[in-house]
Amino acid sequence: MPELPEVETIVRDLRPLLVGRRFVSVRQASKHRLRRAWDKAWPALLAGRTVEAISRRGKWIVLHLDDGSFLVVHLGMTGQFTVVASSTPPPDHLHLVFNLDDGVHQLRFRDIRRFGSVTRLTGQAELEEFFAASGLGPEPFDLNAKAWRQSLAGTTRPIKSVLLDQCVVAGVGNIYADEALFVAVLHPLRRGCDLTPAEADRLRKAIVKVLTTAIEKRGSSIRNYIGGSGLAGGYQEEFRVYSRKGQPCPRCGTPIAHLRLSGRSAHYCPKCQPKPRARTRISKARHEKE
DNA sequence: ATAGGCGCCTGCTGGC
DNA sequence: TGCCAGCAGGCGCCTA
């Protein structure tokens, strides 16, 4: 569920609530396993640890602990990572509880669909290896213009699929991919290698713009997303194409169209974001023959 | 080697 | 009203 803006909002919310706090005790609140198995030895290793910093990498939340270890958290589609009063009745689908040293709050990991995970890594080397193993790409705000153009030029995949590939750029998901393509005025089925350098630049800037605005609005709350302090986001009010099938395009009024691409929905304006023409495919085929 | 399809889960919605 | 298919913000494994 949560994409970069939602994860960034959670990290910013959690920072003042968690940094400097110590875990008094940690317990597993559910027998169900998450995407990555939770090691039974971890609660004992985490008890007594103080949170020194919280950061984000792509859609991952990273808790930096005082013994040099890390907790890396992924929220999958429905994960929630919040600090609440310990007296708050435990919700369903609660998986992990971290009791804090102020005696009245706890950090909770809740995940309805269990596509999320919480993993303990022993140190910097393991953390780096963890992200390297998944091939996690650069942060969208740090994209090198030349490298970005080259990674698009080197693939025949539809641009929408490229945006969802965390190895190319980290943190973009289905909502912000559709929104960025609308802002960049590019059809989701345009192939990476068919984009002109100017279009590639336009897309890179559109990603940054869309994500920046979404962070300012605390992300998008559709169903399950809440920030680290339990507060919802507001960017869903700003959607120009995502989940707006049949509604008027904010630029030209044409009904927003919808297609399925590798099992996921893509929303776009059929007039503003014209379909890739057959000619470009032929020219590409010729190019490959040469 | 790459890219698409499917499975993992639960919950909600819309159509019949 | 009730049922059920289809769909949902993600990712990793399998296959072609």
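Naming: A, B, ... by sequence-line order, numbering from 1 per chain. Please read these numbers as outputs of a predicted model, since none were measured by experiment.
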Inset, instruction - Taking the six-membered ring for Trp and the single ring otherwise, decide whether the centroids of A:F182 and A:Y176 are under 6.0 Å apart. - result: no

Inset, instruction - Calculate the interatomic distance between A:D165 atom CG and B:dT2 atom C1'; express it in whole Å. - result: 11 Å

Inset, instruction - Looking at every strand, decide which applies to A:S220 at a 4.0 Å heavy-atom threshold: base, sugar-phosphate, or nothing. - result: base

Inset, instruction - Please report, rounded to the nearest Å, how far the C1' atom of C:dG6 is from the CZ atom of A:R260. - result: 9 Å

Inset, instruction - Pick base, sugar-phosphate or nothing for A:H74, based on heavy-atom distances below 4.0 Å to the nucleic acid. - result: sugar-phosphate

Legend entry - Interatomic distance at P, B:dC9 relative to C:dC3, whole Å: 25 Å

Inset, instruction - Write down the distance between CZ (A:R110) and P (B:dT10), rounded to a whole number of angstrom. - result: 13 Å

Legend entry - Under-4.0 Å salt bridge between A:D39 and A:R120: no

Inset, instruction - Identify whether the distance between the nearest side-chain nitrogen and carboxylate oxygen of A:D201 and A:R204 falls below 4.0 Å. - result: yes

Legend entry - Salt-bridge criterion met for A:D178 and A:K160 (N-O under 4.0 Å): yes

Inset, instruction - Tell me which of A:N174 and A:R36 sits closer to the 5' end of DNA chain C, going by the nucleotide each one is nearest to. - result: A:N174

Inset, instruction - For C:dC7 versus B:dG5, give the span between their P atoms, rounded off to a whole number of Å. - result: 14 Å

Legend entry - d(NZ, A:K245; C1', B:dG14) in whole Å: 12 Å

Legend entry - Electrostatic pair A:D13-A:R218, nearest N-O below 4.0 angstrom: yes

Legend entry - A:R240/A:E179 ion pair, N-O < 4.0 Å: yes

Inset, instruction - Determine, for nucleotides 3-8 of chain B in 5'-to-3' order, which nucleotides have protein heavy atoms under 4.0 Å from the base (write B), from only the sugar-phosphate (write S), or from neither (write -). - result: SSS-BB

Inset, instruction - Under 4.0 Å between any heavy atoms, over every strand shown, what does A:Y176 touch: base, sugar-phosphate, or nothing? Just pick one. - result: nothing

Inset, instruction - Give the ring-plane orientation class for A:H95 versus A:F109, where under 30° counts as parallel, over 60° as perpendicular and anything between as tilted. - result: tilted

Legend entry - Pairing of A:R190 and A:E199 as salt bridge, 4.0 angstrom limit: yes

Legend entry - P spacing across the pair C:dG6 / B:dC6, given as an integer number of angstrom: 13 Å

Inset, instruction - Kindly give the heavy-atom pair with the smallest separation between A:G233 and A:S221, and that separation in Å. - result: N-OG, 2.7 Å

Inset, instruction - Report the stems of DNA chain B as range-with-range entries sorted by first number; a stem here is at least three consecutive pairs, Watson-Crick or G-U wobble, both distances under 3.5 Å, and write none if there are none. - result: B:2-8 with C:10-16, B:10-16 with C:2-8

Legend entry - Salt-bridge present (A:E6, A:K59; N to O < 4.0 Å): no

Could you list, one pair per line, each protein nitrogen or oxygen that sits under 3.5 Å from a nitrogen or oxygen of nucleotides 11-13 of chain B, together with the distance?
unit_1, atom_1, unit_2, atom_2, d
B:dG11, OP1, A:H93, NE2, 2.8

Legend entry - Whether A:H64 and A:F70 hold their rings parallel, tilted or perpendicular, with breakpoints at 30° and 60°: perpendicular

